[in-house]
2 protein chains.
Amino acid sequence: MPDNKKRSDCPISSSLEVWGDKWSLLIVRDLMFAKQCTYGDFLKSAEKIATNILASRLQTLEENGIITKSDHPDSKAKVLYQLTQKGIDLLPLMVEINLWAEKYYDLPADRKASLNEVKKDKEGFIKKTARELKKSSY
Amino acid sequence: MPDNKKRSDCPISSSLEVWGDKWSLLIVRDLMFAKQCTYGDFLKSAEKIATNILASRLQTLEENGIITKSDHPDSKAKVLYQLTQKGIDLLPLMVEINLWAEKYYDLPADRKASLNEVKKDKEGFIKKTARELKKSSY
DNA sequence: TATTTTTGCTTGCACTTTGCAAGTACAAAT
DNA sequence: ATTTGTACTTGCAAAGTGCAAGCAAAAATA
């Protein structure tokens with residue numbers, strides 16, 4: 001299903017056309033923070049995504065250059081999903097989502113604690129995490 | 001339609017449950033940057049949202065405390081939609097979306113120019129814009 | 001070597017949401 | 001008094017979602 005129709009040339013609109021749904025950024029989150037990178041990993045996440053939806057979202061994320069599929073080093077049966085640079089560049093956005101949600105929603109104590117670390121040095125956290133994500137891709 | 005089922009206590013997931021769709025953040029954008037604040041204004045935006053979808057999104061944004069409805073000063077026939085503090089606090093997120101999209105999608109020259117201003121002093125832009133949004137609410 | 005399990009999907013189907021067009025009710029303008 | 005503007009609601013076909021089941025190749029186990 002090619003989603004060719006650009007609604008407008010607004011950057012917000014273009015972005016939402018790629019990842020503006022309830023699931024895509026959860027996959028990015030898993031790749032970014034939880035280091036989960038196989039199909040089965042994503043299925044196991046707390047939000048219980050349906051397998052057909054997962055397959056569909058992985059495909060559109062790949063088509064839009066946010067993730068890549070490659071052979072998993074451990075097994076031919078596994079597929080390794082990884083963030084591209086375009087995907088890694090979503091990190092500042094993901095940090096802001098976390099900070100916004102922290103202000104308005106209850107979240108687990110450990111999450112709050114690590115977000116306080118992020119707040120102390122947002123730039124530093126982003127640089128460090130981006131560097132780590134880059135290292136793990138090759 | 002009460003959407004009571006929380007998928008998880010992850011802040012990303014909680015956020016996406018509120019505004020994780022293709023339209024909600026466009027309404028926020030209109031309120032934030034284009035100073036559009038009536039039902040008709042939203043309908044007129046470039047992306048051509050369907051009227052029933054607009055009504056539905058305005059309702060959930062209001063239910064989730066991101067916008068408020070009030071009497072329009074100009075006319076009893078009009079309704080004034082405004083961002084709450086919770087809505088204004090989405091500003092850093094909206095800025096990051098703009099910056100991400102600027103890197104990967106073509107956008108109009110005037111948009112690029114104003115984003116370059118934002119990049120020069122991100123903090124300053126956010127503070128200034130948030131202050132203006134607060135002034136216009138009462 | 002044969003069988004079972006793991007892994008990454010696809011398919012079928014009921015249910016929900018979306019998007020387009022049309023309609024409605026009240027306020028304001030003519 | 002009639003038309004226009006504004007904020008919606010309603011009907012309906014088409015598309016998308018979510019659950020369960022199925023499937024094929026690879027890996028692990030017997």
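No experiment lies behind these values; they were computed from the predicted model shown. In what follows, every chain begins at residue 1, and chains take the letters A, B, ... in the order their sequences are listed.
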Name each donor-acceptor pair under 3.5 Å that joins a side chain in residues 87-98 of chain A to protein atoms two or more places apart or in another chain, with its distance.
unit_1  : atom_1 : unit_2   : atom_2 : d
A:Asp89 : OD1    : A:Gln85  : NE2    : 3.0
A:Asp89 : OD2    : B:Lys103 : NZ     : 2.9
A:Asp89 : OD2    : B:Tyr104 : OH     : 2.4
A:Glu96 : OE2    : A:Lys122 : NZ     : 2.6
A:Asn98 : ND2    : A:Met94  : O      : 2.9

Donor-acceptor contacts, no H, no angles, side chain residues 45-56 of chain B, under 3.5 Å, sequence neighbours left out:
unit_1  : atom_1 : unit_2  : atom_2 : d
B:Ser45 : OG     : B:Asp30 : OD1    : 3.4
B:Ser45 : OG     : B:Asp30 : OD2    : 2.7
B:Ser45 : OG     : B:Gln36 : OE1    : 3.0
B:Glu47 : OE1    : B:Arg29 : NH2    : 2.9
B:Glu47 : OE2    : A:Ser8  : OG     : 2.6
B:Glu47 : OE2    : B:Arg29 : NH1    : 2.8
B:Thr51 : OG1    : B:Tyr39 : OH     : 2.7

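Contact annotation: the side chain of A:Trp23 never approaches that of B:Leu16 to less than 4.5 Å [non-hydrogen atoms, C-beta and beyond]. Proximity of A:Ile27 to A:Tyr81: side-chain heavy atoms (C-beta onward) are nowhere separated by under 4.5 Å.
A:Glu62 pairs by the salt bridge (Lys or Arg N to Asp or Glu O under 4.0 Å) definition with nothing, not counting sequence neighbours. Residues forming a salt bridge (Lys or Arg N to Asp or Glu O under 4.0 Å) with A:Lys119 (at least two apart in sequence, or on another chain): A:Glu102. Under the side-chain contact (heavy atoms from CB on, under 4.5 Å) criterion, A:Ser24 pairs with A:Trp19, A:Asp21, A:Arg57, A:Leu61, sequence neighbours left out. The ring-ring contact (aromatic ring centres under 6.0 Å, His included) search around A:Phe33 returns none, not counting sequence neighbours. Residues that satisfy the salt bridge (Lys or Arg N to Asp or Glu O under 4.0 Å) test with B:Lys128, not counting sequence neighbours, are absent from this structure. With sequence neighbours excluded, no residue forms a salt bridge (Lys or Arg N to Asp or Glu O under 4.0 Å) with B:Lys76. Checked against side chain to side chain donor-acceptor pair (under 3.5 Å), A:Lys86 has the following partners two or more places apart in sequence or in another chain: B:Tyr105.
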Please write out each protein N/O paired with an N/O of nucleotides 28-30 of chain D under 3.5 Å, distance rounded to 0.1 Å.
none

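The distance between atom CG of A:Leu54 and atom P of D:dG18, rounded to the nearest whole Å, is 12 Å. If you take CG of A:Leu58 and C1' of C:dT10, they are 14 Å apart, rounded to a whole angstrom. A straight line from CD1 of A:Ile67 to P of C:dG8 spans 13 Å, rounded to a whole angstrom. Atom C1' of nucleotide D:dT17 and atom CD of A:Gln59 are separated by 16 Å, given to the nearest angstrom. In this structure, A:Ile27 places its CD1 atom 13 Å from P of C:dG8, rounding to the nearest Å.
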With sugar-phosphate taken as primed atoms, P, OP1 and OP2 and all else as base, the protein-contact string of nucleotides 18-30 of chain C at under 4.0 Å (heavy atoms; B, S, -) is SBB-B----SS--
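For A:Tyr81, no side-chain nitrogen or oxygen approaches OP1 or OP2 of C:dT7 to under 4.0 Å. Residue B:Lys22 has no polar side-chain atom (N or O) positioned under 4.0 Å from OP1 or OP2 of D:dG16.
Residues from residues 30-47 of chain B with heavy atoms under 4.0 angstrom of DNA chain D, sorted by number: B:Thr38, B:Tyr39, B:Gly40.
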